[in-house]
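What follows is a set of notes on a single structure, which appears directly below.
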Amino acid sequence: MGKFTAVILDFETTGLSPGYGDRAIEIGAVLVRNNRIVDRFQSLMNPGKRVSGFIEEYTGITNEMLAKAPPAEQVMERFASFIAGHNLVAHNASFDRRFLDAELSRIGRRRTGDFACSMLAARRIYTNAPNHRLETLVSHLSLQTDGVFHRALADAEMTAQLWTAMIGELKETYRLRQVTFELMHSLGGVAKKAVPAYLERVAAGRTCACARGGRSLG
DNA sequence: TGCCAGGCCCTCTTTAGGGCCTT
């Protein structure tokens, strides 16, 4: 696993909380290596329960589509192999992390990679964005889009573009030769006001970019 | 059918409340 490798993923689900019985209905993910997408994963999955009209409307994924989809357990077995050994990224990662861990738990598998959050990083890097929803950031940064939102692979691809754009932004602004997953991950734990000073110290080679719990940094 | 959560972050804060983000 190289320093520049990560799987960027997105779940569509029946709702907001796996703790209240919500399930994943679609997974989309891209494997990014050296800021390029080198592999993709996408599948609907049958959650064994009906989805609400709101979710059908929000995602465009219907109960009819899910009835024909493979069981979630079968899809998650394949996905567990796809992410094996890789660090992970998602937009509002705490949401996708809960669903990933819940679905893996159902098949007796566990995640090994760290999870970084593109939303937390974006809040620190794009402080002037109108808000930090994925759709807004795609528009704000003029990222390439086919106009599809709230489908797993489309959102994962846009999150990947956002991720590489942020890496480019840090490289340019702070003249960093490389921006690792660990640095992006650590950024989510640095207090907003302390971010510029933190990155200046990283650029000067005086800070371990692997540090977490960095609210005291800077 | 409709309902539900949780982590982060700011501030009119820390013995708290509420907005943001995800489906």
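Proteins come first, then strands; the chains are lettered A, B, ... in the order of their sequence lines, and each starts at number 1.
The stretch residues 58-78 of chain A touches DNA chain B through A:Y58, A:T59, each having a heavy atom under 4.0 angstrom from the strand. The stretch residues 129-148 of chain A touches DNA chain B through A:N131, A:H132, A:R133, A:L134, each having a heavy atom under 4.0 angstrom from the strand. Taking a 4.0 Å limit (strictly below) on heavy-atom distances, residues 40-51 of chain A does not reach DNA chain B anywhere. Remark: A:F95, A:R98 in residues 95-103 of chain A come within less than 4.0 Å of DNA chain B through at least one heavy atom.
The distance from atom CD of A:E56 to atom P of B:dT23 is 17 Å, rounded to the nearest whole Å. The interatomic distance linking A:Y20 (OH) with B:dG6 (P) rounds to 6 Å, in whole Å. Rounded to whole Å, the distance from NE2 on A:H91 to C1' on B:dC21 is 7 Å. The separation between A:L120 atom CG and B:dC20 atom C1' is 11 Å, rounded to whole Å. Atom pair A:E57:CD and B:dT1:P shows a separation of 14 Å (rounding to whole Å applied). Atoms CG (A:N92) and P (B:dG19) sit 17 Å apart, rounded to a whole Å. Between the P atom of B:dT22 and the CG atom of A:D155 lies a distance of 9 Å, rounded to the nearest Å. Taking atom CG of A:D22 as the reference point, atom C1' of B:dG2 lies 12 Å away to the nearest angstrom.
Across B:dC21 and B:dG2, the matching C1' atoms stand 22 Å from one another, rounded to whole Å. On the C1' atoms, B:dG17 is 32 Å away from B:dT1, given to the nearest whole Å. Atom name P, nucleotides B:dC12 and B:dG19: the rounded distance is 14 Å, in whole Å. Rounded to whole Å, the separation between the P atoms of B:dG7 and B:dC3 comes to 23 Å. Taking the P atom of each, B:dT13 and B:dG18 are spaced 13 Å apart, rounded to whole Å.
In terms of the side-chain hydrogen bond (donor to acceptor under 3.5 Å, both in side chains) criterion, A:H140 has no residue partners (sequence neighbours excluded). Contacts of A:S43 classified as side chain to side chain contact (heavy atoms under 4.5 Å, CB included), with partners at least two apart in sequence or in another chain: A:F41, A:P70, A:V75, A:R78. Contacts of A:F11 classified as ring-ring contact (aromatic ring centres under 6.0 Å, His included), with partners at least two apart in sequence or in another chain: none.
Under the side-chain hydrogen bond (donor to acceptor under 3.5 Å, both in side chains) criterion, no residue pair touches residues 46-55 of chain A, with sequence neighbours excluded. Screening residues 26-40 of chain A for salt bridge (Lys or Arg N to Asp or Glu O under 4.0 Å), with sequence neighbours left out, gives A:E26-A:R151, A:R40-A:E157.
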Between side-chain atoms of residues 98-110 of chain A and protein atoms elsewhere (two or more places apart, or another chain), which donor-acceptor pairs fall under 3.5 Å?
residue	atom	partner	partner atom	Å
A:R98	NH1	A:S94	O	3.3
A:D101	OD1	A:R111	NE	2.9
A:D101	OD2	A:R111	NH2	3.0
A:E103	OE1	A:R23	NH2	3.0
A:E103	OE2	A:R23	NE	2.9
A:E103	OE2	A:A24	N	3.0
A:R109	NH1	A:E77	OE1	2.8

Ignoring hydrogens and angles, write down the donor-acceptor pairs under 3.5 Å from the side chains of residues 165-172 of chain A, residues two or more places apart or on other chains.
residue	atom	partner	partner atom	Å
A:E169	OE2	A:T173	OG1	3.2

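One distance of note links CG of A:L143 with CE of A:M158; it measures 9.0 Å at 0.5 Å rounding. Here the CG-CG distance, from A:N131 to A:L137, works out to 7.0 Å after rounding to the nearest 0.5 Å. The line from NZ of A:K68 to CG of A:N63 is 12.0 Å long, rounded to the nearest 0.5 Å. For the atom pair CZ (A:R133) and CZ (A:F149), the distance works out to 10.0 Å, reported to the nearest 0.5 Å. Rounded to the nearest 0.5 Å, atoms NE2 (A:H91) and CD1 (A:I8) are 12.0 Å apart. Once rounded to the nearest 0.5 Å, the distance linking CG of A:L187 with CD of A:E182 reads 13.0 Å.
Connectivity analysis of hydrophobic side chains (ILVMFWY, heavy atoms under 4.5 Å, direct or indirect) links A:M119 to A:L120.
Checking A:M119 against A:S17, the closest nucleotide of DNA chain B that is more toward the 5' end is the one next to A:S17.
Contacts of A:G19 with the nucleic acid, taken as non-hydrogen atoms under 4.0 Å apart, are absent.
In this structure, the nucleotide among B:dG6, B:dC10, B:dT23 sitting nearest to the side chain of A:K192 is B:dC10.
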- prompt: Please walk me through it: do A:I83 and A:L88 pass side chain to side chain contact (heavy atoms under 4.5 Å, CB included)?
  reply: CA-CA 8 Å; A:I83 64 174; A:L88 307 167; 3.9 Å; yes
